[in-house]
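Okay, here's the structure, questions in a sec.
Only a predicted model underlies this, so the values are computations on that prediction, with no experimental measurement involved. Note on naming: letters A, B, ... go to the chains in the order of the sequence lines (proteins, then strands), and numbering restarts at 1 for each one.
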Amino acid sequence: MKKYNHSIEKKWQKYWAKKKVYQTKDTCKKKSYVLDMFPYPSGEGLHVGHPKGYIATDVYSRMKRMQGYSVLHPMGWDAFGLPAENYAIKNKVHPRKAVDKNVKRFKEQLSMIGLDYDWSREINTTDPAFYKWTQWIFLQLLKKGLAYQSYEPINWCPSCQTGLANEDLEDGKCERCGSVVEKRPMRQWVLKITDYAERLLNDLELLPHWQEHIKESQRNWIGKSEGAEISFTISETQDEIKVFTTRADTLFGVTYLVLAPEHPLIHQFCASQTCTNRKQVEEYVNEAKKKSEIERTAKGKEKTGIKLEGVWVINPATGEKIPMFVADYALAHYGTGAVMGVPAHDERDFTFARKFALPIKSVVAPRKITHCGVLLEVKNKPGTFIFQLRSDEARVLPGKIGFFGGNLESGETLYECATREILEETELSIKKDDMRETFMVPSESPDYALFVTRIQDVDPANIVVHEGKGLIELTVEEALAHEKVSAGAKDVLRRYFSAQAEPNTGEGVLEDSGEFSQLTSAEARTKIAQKYGTLKTTYKLRDWVFSRQRYWGEPIPVIHCEKCALENPSGQGVVPVPEKDLPVKLPEVKKYEPTGTGESPLAAIEKWVNVKCPKCKGKAKRETNTMPQWAGSSWYHLRYMDPKNKKALVDKKKEKHWSPVDLYVGGAEHATRHLIYARFWHKFLYDIKAVASQEPFTRLISVGLIQAEDGRKMSKRFGNVINPDDIIKTYGADTLRVYEMFMGPFTDAIAWNTNAMIGARRFLERVWRVQERVVKKDNPALDAIINKTIKKVSEDIENFKFNTAISQMMVCVNEMSDKEVGQKQWKSFVSILAPFAPHIAEEMWNIAQGKGSVHLAPWPKYDAKKLVEEFVTIVVQVNGKVRTQITMPSESDEMAVRIEAVKIAEKWIEGKDIRRFIYVPNKLANIVI
RNA sequence: GCCGGAGUGGCGUAAUGGUAGCCGCGCGCGACUCAAAAUCGCGUCUCGCAAGAGGUGAGAGUUCGAGUCUCUCCUCCGGCACCA
């Protein structure tokens, strides 16, 4: 037998391509659509971290194919957008050429890894045959009123020279280049994703197979908040101002009102001279506009603002005249851009009110507290509680519980009161240092705060308790019940009872609130909202800014016609490009650098821009903005089902067959970008009956990053990149694949380690050498391990636990190492290894004279009967401690095991009575004495 | 601050409530060899000569039995955040 040499890999890759082993079949009852997030073909090529997800889907889809599923496992290129364009500009090549070159390089690299993609379904978002349908979807959105033009100030990246959506920001900076973004008013196309906010949120419940953290990210991003909109009236002009609040119950505590600097009413006050300090106000507004979002919302930033002199507003609940301010802590784009100030019950309002000396009016009491009680809990022996007892005995007895309390002295916090009471009542037999922890527990009694204190290292007999009034007996059960539901002690203390330097932001009982006094916050919230306004739900999710002032994107298929605008002003002169004229192709140009003027470079190409209006046939101009990078990826999963279709984005029948994607694998960083956009478009397509499913991706798993050996991110910048080509050349693709799947749990971020990778290579060499011992007849001694391995590997691949699948195969090979292996047993093993190491498996399959390709062979089934070993080792415990083991025939009955166990454990039982005997079949026997 | 996830050898990690550390890396010893590499075998949580005892971030609880379940605390990672 020759030594294992990975040069066989090329041979088999050619064979698979020639025999079309991985070609997708559209017809089969069982289907499995396995999808990778397609890459941007960047100029840097792949590093070893990139293919991890692709290898995983490859392993998965190979198993599914062998299990008789028709498998769709395609690949394509997301090649529009800023990264590709910036790369092209930097390297002074046309983006088209750069993309073609990079795609070629990526494809080469992926092919070397031996991935089972059906390349006949390859797609590219920059292909006019593809983006025709991206444009078509835009037209449908436009038709339904879900695409509109807006002139609001948007995020502008000064370096990329384009407008950006909220999703393109990271900490207020451009996600691509890290520049601080500015706010710029400009015309832009916007998609009304907010119309889908509620469904995007609720339908997360239709996705039980998504990881919780991804769903949680989306929930946070959508940011639903239920509250009320309440109208305030300006006393001078009778204008109405609406505010949004989640705490309508605090309305009686509103002592001022704040407008965001961008609020339209400010202009009105200034123009109409209502406001007497308009110069200063305008100055403040201009200052605010100059600042970036980051500067304005910086952590710990001191609050700023300016009073609108001469303008007063009426609190609808109290009828009081209250002052108005402009302050940048009110955000223009959230709620109504106006905030009611409740300093007594909101942290931000509190600091603002302190700075501007505004009244702080408390209208919610946490609850009325006048007394303080203490439960004394002394830890004596484990599990035993000893408590202070009744007044007439005045000493500590085990198993009972006592209670004492006292009045709060003025200026004292409850915590201080509790401590003082303990010291006083125990006549100082407990010292302050003995008290390990004193914390508050929920109390049934409305006017008592109840505390538990833990006393340790003190002999209970030495505790003397003062005889006093107010001693109440509780049962042990009651006291323990209190402790079980206790909330985080110290926090509660601090928040509720320390000096009143903080606003009370919690809920409670209303006071000083007219007819609503004595109601709880929850009750009052609805009632007050209904009386003075309306219930209202707000979202943090913003509409999707959809235009980019850049060249390399899908042209937005719209024509602007002045004549049509005059005839029908509400249509703004927007004429959609007729569907038959799609695609609107991106013109080939020499100059494609961004202009920075807010105009796309396309605007300068007169030949392309000037067109006949499709409606009135007059002179008109094309829309010159292009779509953002996320457009193509919002629906590409559908195109793979039917990539060549010229009549529709996907054939209905094929869509119904393949939809939805059964397994989707990619980076977690897309949780609030691509994955929200794709869900939005898919739902829209569902609404217009273009697709049959409500959700595009049934199961979503995110890849854990592979970090560089130094633990940092793998990047050219740090010079720590490991290139897969080098690894494959030296060790082979199969080694790379096995190692990446073996590194650890798939979703964990783990550092690359070339040394550890060599272990994967050694494993494959060990497998290779098993061939020397293959014989005709199966070896019964290996039956159990082989069946166990088939079972575990099948289940582990299904659950994406590749590391333990490989571990099990290693155990199996170690077991085979000094034994003869039967032909059938060997073929089963080669079959389950095949998804991980397809080349070596194919070679060994071939040597073992397997039929056809191993990758089309049936997946082995395990024999449940053979899983059971003849003899089992049973652990013998005495009182839960492992003492020894016995070997018994498997499935022995309890009595037999008991007799053996008691005999062997005699030494530890020492003639004591056996109180209980616990037997876990084939595993463990515990003798309780 | 709110929400989610995680803390286990020198390292990556493994354990339906049932022998903690499988598998791999590294390290040590041995076999083969003139020698080295490769390979194979044995060992490798801590204390102890051993019998044994202790040990999964800390503390408590439930249980015959807890890495796993409950509570409190600490640390790290991720999302959101002047969002009213």
Without hydrogens or angle criteria, can the side chains of A/Tyr284 and A/Thr304 be said to hold a donor-acceptor pair below 3.5 Å?
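Per modelled atom types, A/Tyr284 and A/Thr304 side chains form a pair under 3.5 Å.
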Reckon A/Arg761 touches a base, only the sugar-phosphate, or nothing at all at heavy-atom distances under 4.0 Å?
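Answer is nothing: A/Arg761 stays at 4.0 Å or more from every strand.
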Considering every strand and a 4.0 Å limit on heavy-atom distances, what is the contact class for A/Arg769: base, sugar-phosphate, or nothing?
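Answer is sugar-phosphate: A/Arg769 comes under 4.0 Å of backbone atoms only.
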Main chain of A/Glu167, side chain of A/Glu175: is a donor-acceptor contact present, judged purely on distance under 3.5 Å?
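Not a single qualifying donor-acceptor pair exists.
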How far, in whole Å, is B/rA14 from B/rU63 if one measures between their P atoms?
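To the nearest whole Å, 31 Å.
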Can you tell me how far P of B/rA20 sits from CD of A/Gln885, to the nearest Å?
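Checked: the CD to P distance equals 11 Å.
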A/Asp349 near the nucleic acid: base, sugar-phosphate alone, or nothing, with a heavy-atom cut-off under 4.0 Å?
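Nothing: the residue A/Asp349, judged by heavy atoms under 4.0 Å, touches no strand.
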Using the side-chain heavy atoms of A/Lys540, tell me which of these nucleotides is nearest: B/rC80, B/rC22, B/rA15.
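Output: B/rC80.
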Which nucleotide wins on minimum distance to the side chain of A/Asn803, given the candidates B/rA14, B/rC82, B/rC25?
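Closest of the options to the side chain of A/Asn803: B/rA14.
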Considering non-hydrogen atoms only, spot the tightest contact between A/Phe746 and A/Ala56 and give its length.
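Where A/Phe746 meets A/Ala56 most closely, the heavy atoms are CE1-CB, 3.4 Å.
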Give one of base, sugar-phosphate or nothing for A/Ala330, where a contact means two heavy atoms less than 4.0 Å apart.
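A/Ala330: base contact, heavy atoms under 4.0 Å.
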Report the glycosidic orientation of B/rG9: syn if within 90° of 0, anti in every other case.
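You should classify B/rG9 as syn.
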Please measure how far the P atom in B/rC74 lies from the corresponding atom in B/rC11, and state the result in whole Å.
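Nearest-Å result for B/rC74 against B/rC11 at atom P: 25 Å.
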Reading RNA chain B from 5' onward, which residue's closest nucleotide shows up sooner: A/Gln218 or A/Thr304?
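Going by which nucleotide is closer to the 5' end, it is A/Gln218.
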When you measure from the side chain of A/Ile750, which nucleotide among B/rU39, B/rU13, B/rC80 comes out closest?
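The closest nucleotide is B/rU13.
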May I have the distance from A/Arg542 (atom CZ) to B/rA81 (atom C1'), rounded to whole angstrom?
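About 14 Å, once rounded to whole Å.
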Could you check how far CD of A/Glu347 sits from P of B/rC2, rounded to whole Å?
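Going from A/Glu347 (CD) to B/rC2 (P), I get 10 Å.
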A/Arg761 side chain vs A/Tyr731 backbone, donor-acceptor pair below 3.5 Å:
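Checked: pair present.
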From CE (A/Met714) to CG (A/Leu705), nearest 0.5 Å:
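Between A/Met714 CE and A/Leu705 CG, I get 10.0 Å after rounding to 0.5 Å.
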Checking side-chain polar atoms at under 3.5 Å, does A/Asp543 have a donor or acceptor matched by the opposite partner on A/Thr194?
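Per modelled atom types, A/Asp543 and A/Thr194 side chains form a pair under 3.5 Å.
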Can you measure A/Phe917 atom CZ to B/rC64 atom P for me and round it to whole angstrom units?
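Roughly 16 Å, once rounded to whole Å.
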Test item: side-chain donor near acceptor, A/Thr672 and A/Gln218, under 3.5 Å:
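No.
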Regarding A/Ser807, tell me which of base, sugar-phosphate or nothing describes its non-hydrogen contacts under 4.0 Å with the strands shown.
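Base, at least one base atom sits under 4.0 Å.
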Partners meeting side chain to side chain donor-acceptor pair (under 3.5 Å) with A/Thr735 (sequence neighbours left out):
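Listed in chain order: nothing, the list is empty.
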Regarding A/Val339, tell me which of base, sugar-phosphate or nothing describes its non-hydrogen contacts under 4.0 Å with the strands shown.
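Base contact.
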Nucleotide of B/rC25, B/rC83, B/rG79 approaching A/Ala756 most closely (side-chain heavy atoms)
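My answer, after comparing the listed nucleotides, is B/rC25.
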Taking the P atom of each, how far is B/rU70 from B/rG78, in whole Å?
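B/rU70 and B/rG78 have their P atoms separated by 25 Å.
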Just to confirm, is there a sub-4.0 Å distance from OP1 or OP2 of B/rC64 to any side-chain nitrogen or oxygen of A/Arg916?
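Indeed, a polar side-chain atom of A/Arg916 lies that close.
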For A/Trp768, give me all partners under ring-ring contact (aromatic ring centres under 6.0 Å, His included), at least two apart in sequence or on another chain.
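Per chain and number, A/Trp768 pairs via ring-ring contact (aromatic ring centres under 6.0 Å, His included) with A/Tyr4.
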Using a heavy-atom cut-off of 4.0 Å across all strands, would you classify A/Gly335 as base, sugar-phosphate, or nothing?
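Since no nucleic acid heavy atom lies under 4.0 Å of A/Gly335, the category is nothing.
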Between A/Ile214 (CD1) and B/rG4 (C1'), how many Å, whole number?
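Distance check: A/Ile214 CD1 to B/rG4 C1' gives 11 Å.
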Sugar-phosphate only, base, or nothing, as touched by A/Gln808 at under 4.0 Å among non-hydrogen atoms:
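The answer is nothing, as A/Gln808 stays clear of every strand by at least 4.0 Å.
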Expressed in whole Å, how much space separates the P atoms belonging to B/rA20 and B/rA84?
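The same atom, P, in both gives a distance of 50 Å.
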Measure from the side-chain heavy atoms of A/Pro745 and tell me the nearest of B/rG12, B/rC80, B/rA14.
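Comparing B/rG12, B/rC80, B/rA14 against the side chain of A/Pro745, the answer is B/rA14.
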Which of these nucleotides, B/rG18, B/rA14, B/rU13, is closest to any side-chain atom of A/Thr804?
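Among B/rG18, B/rA14, B/rU13, the one nearest the side chain of A/Thr804 is B/rA14.
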Should A/Phe325 and A/Phe352 be marked as a ring pair (Phe, Tyr, Trp, His ring centres under 6.0 Å) after you check the CA-CA gap, both sets of side-chain angles, and the distance that decides it?
CA-CA 10 Å; A/Phe325 287 80; A/Phe352 189 82; 5.3 Å; yes
Any donor-acceptor pair under 3.5 Å from A/Arg542 side chain to A/Ile193 backbone:
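Between the backbone of A/Ile193 and the side chain of A/Arg542 there is no qualifying donor-acceptor contact (under 3.5 Å).
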A/Gly759 or A/Glu216: which one's nearest nucleotide on RNA chain B is closer to the 5' end?
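Here A/Glu216 is the residue nearer the 5' end.
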When you compare the side chains of A/Thr789 and A/Gln808, does any donor N or O come within less than 3.5 Å of an acceptor on the partner?
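Yes, a side-chain donor-acceptor pair sits under 3.5 Å.
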Looking at every strand, decide which applies to A/Arg219 at a 4.0 Å heavy-atom threshold: base, sugar-phosphate, or nothing.
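No contact.
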Describe the nucleic acid contact of A/Leu331 in one word from base, sugar-phosphate, nothing, applying a heavy-atom distance below 4.0 Å.
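It contacts base atoms.
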Hey, can you pull the residues of residues 248-262 of chain A with a non-hydrogen atom under 4.0 angstrom from RNA chain B?
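Result for residues 248-262 of chain A: none.
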Quick check: do A/Ile874 and A/Val897 have side-chain heavy atoms less than 4.5 Å from each other?
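A side-chain contact under 4.5 Å exists here.
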Taking the six-membered ring for Trp and the single ring otherwise, decide whether the centroids of A/Phe800 and A/Phe802 are under 6.0 Å apart.
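Yes.
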Is there a donor-acceptor pair under 3.5 Å between the side chain of A/Asn315 and the backbone N or O of A/Val254?
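Confirmed, A/Asn315 side chain pairs with A/Val254 backbone.
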Selected nucleotide, minimal atom distance to A/Arg766 side chain, candidates B/rC25, B/rA15, B/rC40:
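Minimum distance to the A/Arg766 side chain belongs to B/rC40.
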Say we look at B/rA66 and B/rA60: how far apart would their P atoms be, to the nearest angstrom?
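The same atom, P, in both gives a distance of 14 Å.
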Gap between atoms NZ and P, on A/Lys791 and B/rU16 respectively (whole Å)
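So the NZ-P distance, A/Lys791 to B/rU16, works out to 12 Å.
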Can you give one letter per nucleotide of nucleotides 44-57 of chain B, going 5' to 3': B for a protein heavy atom under 4.0 Å from the base, S for sugar-phosphate only, - for none?
--------SSS---
Backbone N/O of A/Lys907 and side chain of A/Arg883: donor-acceptor pair under 3.5 Å:
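Such a contact is absent between A/Arg883 side chain and A/Lys907 backbone.
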Selection from B/rU13, B/rU39, B/rG24 that lies nearest to any side-chain heavy atom of A/Arg762:
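Shortest atom-to-atom distance from the side chain points to B/rU39.
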Which whole number of Å gives the distance between the P atom of B/rG57 and that of B/rG52?
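Looking at atom P only, B/rG57 and B/rG52 are 27 Å apart.
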Any side-chain N or O of A/Ser225 under 4.0 Å from OP1/OP2 of B/rA84?
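Yes.
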If you take any heavy atom closer than 4.0 Å to RNA chain B, which residues from residues 921-929 of chain A end up in contact?
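Heavy-atom cutoff 4.0 Å gives A/Lys923, A/Leu924, A/Asn926, A/Val928.
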Using atom OH of A/Tyr334 as one end and atom C1' of B/rC80 as the other, report the distance to the nearest whole Å.
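From A/Tyr334 OH to B/rC80 C1': 12 Å.
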When the distance from NZ of A/Lys303 to P of B/rA84 is rounded to whole Å, what number comes out?
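Atom-to-atom, A/Lys303 to B/rA84, this comes out as 14 Å.
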Using Watson-Crick and G-U wobble pairs whose two distances are both under 3.5 Å, how do you write the pairing of RNA chain B as dot-bracket, with | for links to another strand?
(((((((..(((.....[....)))((((((.......))))))(((....)))..(((((..]....))))))))))))....
Any side-chain donor near an acceptor of the partner, A/Asp349 and A/Tyr329, under 3.5 Å:
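Yes, because at least one side-chain N or O of A/Asp349 sits under 3.5 Å from a partner of the opposite role on A/Tyr329.
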Find out whether the Lys NZ or Arg CZ of A/Lys224 is both under 6.0 angstrom from the six-membered ring centre of A/Tyr539 and within 45° of the ring's axis.
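Checked: cation-pi criterion not met.
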